[in-house]
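Remember, it's 1-based here, ligands and their atoms both numbered in the order they're listed.
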Amino acid sequence: MLLSNTSAMDPPPFLPVAEPDLSVREEEAVLDAVRSGWVSSLGRYIDEFEDSFATFCEVPYAVSVSNGTTALHLLQVAKGIGPTDEVIVPSLTFVATAAAVRHAGATPVFVDCDPILGTLDVKAVARAITEKTRAIIAVHLYGHPVDMQPLRALADKHGLFLIEDAAEAHGARCRGARVGSLGHAATFSFYGNKILTTGEGGMIVTDDPALDARLRFLRDHAMDKTRRYWHPEIGFNYRMTNLQAALGTVQLSRYDEITARRQTVLDRYRQGVLTSRFGISFNPSASWANPVPWLVTAVLPEALASHRKEIRHSMRVYGVDTRPFFIPMHLMPPYANFRRVAADGSDQLVATEALAARGLNLPSSGNLTTADIERVAEVFEAATKKIATHSKQA
Ligand SMILES: *Cc1c(COP(=O)(O)O)cnc(C)c1O
């Protein structure tokens, strides 16, 4: 994959779960930004990236920030969400969603997920709402959108601010509309393993001009627009650099190419022996959704799921990296004591815990060849044979 002229004696190349898709065009754009001298947070690439990203999301405003976590934090601060407020979030997500709620000083309330899609369960959200609820963060998990229309109706009925955490789903569609255009505002990440990358980086999109202005003000040390070095509030330095935006501008222009290559990889997995022989299902897709291929997510049959750790370990020995699904937030020390709500109103997040225990992410980069994907399957098979022998011996 990386080396074309490996001899039969060399070990096969290591296959990581994720690698950025970068071309010579990103290289040229970053070099251009360096040569222009605009290396900090002013420059033409910032404006260009924000404008083109807003267009991409089919919304009027996009505000670039330093990463996806600061995007979530800044948005909550801008809306005045704080210590007396509850924010409903899925338990099955990357930790940044929950951490940002805590950074804002608010209280997360963890809801269960749809057992197949893994995204938050709208029925659980409905049961989780109290007088203290201020906002909901809907996470488009592993590239699959949340069913936003019923969630938006619920949020509007209760006067709640609806945030989309679209860090893992740039360009996905829900009933035809782009993610980012469905809540009151949305956040994105451009970390190195995301669909589009700027190295580190983030974006907030919205259709609210007042929110756009407030985010820009807070992002830039809360400096008064007309009086320099006058700061009427406590602000942040959460800006993106022109170097990152140069990378992002080119990445966004290559969106179709980048996602098409990732889709081919996912399709090859689906057509392979992991599905036919092991009954593994890959990235689910609801009829109303156009998910995007972020990480390849394999849900293991229960008999194999109980051996996930050993399977991962053997695959790693054979040079194939994998990742378990995110650990549910409510199982980790800083988040264990907050309220949890399932669709039946109980505090047992059964769907979340079941899916988290069975999920496995496989090498997902767009540069994987058919041979690489076959190797992942072979290595998986070898790993399952090992557990079979061990259990016979036991
Ligand atoms: C990656 C990610 C983030 C955080 O983005 P960073 O840019 O790494 O700070 C937030 N939420 C979700 C769901 C993510 O996957």
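Under a cutoff of 6.0 Å and an axis angle of 45°, R178 and F56 form a cation-pi pair.
Using a 4.0 Å cut-off between charged side-chain N and carboxylate O, R239 and E50 make no salt bridge. Comment: E374 does not engage R268 in a salt bridge, judged by the lack of any side-chain N to carboxylate O separation of less than 4.0 angstrom. Salt bridge status for R316 with D321: present, with a side-chain N to carboxylate O gap under 4.0 Å.
With atom 7 (O) of ligand 1 as the reference point, the heavy atom nearest to it among P90, A166, A71, S189 is part of S189. Closest to atom 2 (C) of ligand 1 by heavy atom, among M203, K194, E168, is K194.
Close contacts of ligand 1 with N67, meaning ligand atoms under 4.0 Å from a residue heavy atom, involve 7 (O), 9 (O). Of all atoms in ligand 1, listed by their number and element, those nearer than 4.0 Å to a heavy atom of A167 are 2 (C), 3 (C), 10 (C), 11 (N), 12 (C), 14 (C), 15 (O). Near V139, the atoms of ligand 1 lying under 4.0 angstrom from a non-hydrogen atom of the residue are 13 (C). Interface atoms of ligand 1 facing A96, defined by a heavy-atom separation under 4.0 Å, are 3 (C), 4 (C), 10 (C). Atoms of ligand 1 lying under 4.0 Å from at least one heavy atom of T93, given by number and element, are 13 (C).
In terms of modelled atom types and a separation under 3.5 Å, the side chain of S314 and the main chain of E310 share a donor-acceptor contact. Of the possible donor and acceptor atoms, none in the side chain of T93 sits under 3.5 Å from a partner among the backbone N and O of P90.
By the criterion of a heavy-atom distance under 4.0 Å, the side chain of D165, and not its backbone, is placed next to ligand 1.
Partner of F53 under the ring pair (Phe, Tyr, Trp, His ring centres under 6.0 Å) criterion, chosen from F188, Y61, Y45: F188.
Using a 4.5 Å cut-off on side-chain heavy atoms (C-beta onward), N67 and Y191 make no contact.
Residue E200 places no N or O, backbone or side chain, under 3.5 Å from any N or O of ligand 1. Ligand 1 has no N or O atom lying under 3.5 Å from any N or O atom of L72, backbone or side chain.
Ranking protein heavy atoms by distance to atom 9 (O) of ligand 1, first place goes to T69 OG1, 2.5 Å.
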